[in-house]
Amino acid sequence: MARFARHLGKPHQEYEAMAERAKYQFLASGMKTGYCYDVLDSADGDDSALRPNQIFAVSLPESPLTPAQQRGVVEACGRTLLTSYGLRSLAPDHPQYQGKYGGNQYQRDGAYHQGTVWGWSGTIRFLSTPARLQKSRTGSSIFGTNG
């Protein structure tokens with residue numbers, strides 16, 4: 001918003017201040033695992049589940065994450081969520097993970113966000129992250145590690 005306001009010649013300082021506060025809050029919480037938490041500050045506490053939504057934070061032109069944090073997110077998603085069909089909606093080691101989507105309506109609804117692989121825009125965002133983020137610390141590619 002700040003950039004847009006500047007482009008229009010409008011006051012931008014308030015937007016810049018809000019962006020800094022949001023970035024601080026984003027960085028101050030939820031990165032203890034090396035990737036972004038799924039939920040923060042809920043009635044049940046923080047949820048550290050590994051889900052693909054965080055790939056959007058990496059793909060933003062002005063990501064709130066540091067380069068090291070971005071690499072951590074890409075590595076975690078690539079290592080755990082990436083399949084040959086897309087990104088899983090939940091890590092397979094999570095207790096609520098359901099690796100198959102099927103059954104009656106109730107069963108399908110229960111599995112929808114609990115491991116189902118989505119060939120959605122998050123996968124496209126993952127694949128379009130800068131190449132410097134798509135290498136592991138050992139220098140090998142993270143692609144092709146899961147099927």
Side-chain angles (χ1 to χ4, degrees), residues 1-42 44-101 108-147:
M1 289 299 298
R3 186 187 319 175
F4 188 57
R6 277 194 303 277
H7 178 74
L8 296 175
K10 302 288 183 184
H12 54 84
Q13 294 81 0
E14 184 177 348
Y15 294 117
E16 288 173 347
M18 285 190 287
E20 283 303 311
R21 283 193 305 273
K23 182 177 181 178
Y24 173 80
Q25 286 298 106
F26 195 87
L27 294 175
S29 54
M31 287 297 294
K32 299 173 191 102
T33 56
Y35 55 84
C36 300
Y37 276 30
D38 185 40
V39 178
L40 295 171
D41 298 328
S42 77
D44 297 326
D46 297 344
D47 180 358
S48 64
L50 176 59
R51 295 191 183 267
N53 304 356
Q54 62 192 296
I55 208 69
F56 288 107
V58 173
S59 68
L60 294 170
E62 295 184 34
S63 175
L65 302 175
T66 66
Q69 290 170 324
Q70 291 177 34
R71 276 190 298 281
V73 166
V74 171
E75 286 178 7
C77 289
R79 182 179 55 251
T80 309
L81 301 179
L82 184 63
T83 73
S84 56
Y85 295 102
L87 293 173
R88 292 179 179 99
S89 55
L90 183 64
D93 61 355
H94 193 279
Q96 296 176 354
Y97 176 78
Q98 295 182 38
K100 295 189 190 273
Y101 178 78
R108 290 191 314 270
D109 287 350
Y112 199 60
H113 294 285
Q114 303 299 66
T116 302
V117 174
W118 290 33
W120 58 292
S121 59
T123 301
I124 294 167
R125 291 284 189 180
F126 178 84
L127 295 173
S128 65
T129 57
R132 65 183 167 75
L133 298 174
Q134 295 173 353
K135 298 285 183 184
S136 72
R137 289 190 187 102
T138 63
S140 61
S141 175
I142 62 171
F143 294 110
T145 58
N146 292 314

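Computed from a prediction, not measured in an experiment: that's the story for all the values here. Below, each value reflects all heavy atoms present in this structure, side chains not excepted, and no hydrogens, waters or symmetry copies.
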- Message: As an exercise, state the distance from NZ of K100 to CD of Q98, rounded to the nearest 0.5 Å.
- Response: 12.0 Å

- Test applied, side-chain contact (heavy atoms from CB on, under 4.5 Å); reference residue, L81; option that passes from I55, L90, L50: L50

- Message: Quick check: closest heavy atoms across V39 and S42, and the distance to 0.1 Å?
- Response: CG1-CB, 3.7 Å

- Determine whether more than 12 heavy atoms belonging to other residues, nucleotides or ligands lie under 6.0 Å from atom OH of Y15. no

- What's the spacing between Y101 OH and H113 NE2 if we round to 0.5 Å? 9.5 Å

- Item | Reported SG-to-CZ distance for the pair C77 and R88, which is rounded to 0.5 angstrom | 11.5 Å

- Item | N/O donor-acceptor pair under 3.5 Å between S89 side chain and V117 backbone | no

- Query: Do the side chain of Y35 and the main chain of S48 share a donor and acceptor less than 3.5 angstrom apart?
  - Reply: yes

- Provide the closest heavy-atom pair for P64 versus A57 in the form atom of the first, atom of the second, distance. CD-O, 3.9 Å

- Query: Between atom CG of D38 and atom CG of D46, what is the distance when rounded to the nearest 0.5 Å?
  - Reply: 10.5 Å

- Query: Out of curiosity, R108 CZ to T116 OG1, how far, rounded to the nearest 0.5 Å?
  - Reply: 11.0 Å

- Note on the structure: dist T80:OG1 -> R51:CZ (nearest 0.5 Å) comes out at 13.5 Å

- By side chain to side chain contact (heavy atoms under 4.5 Å, CB included) - contacts of Q69 (at least two apart): L27, M31, L65, T66

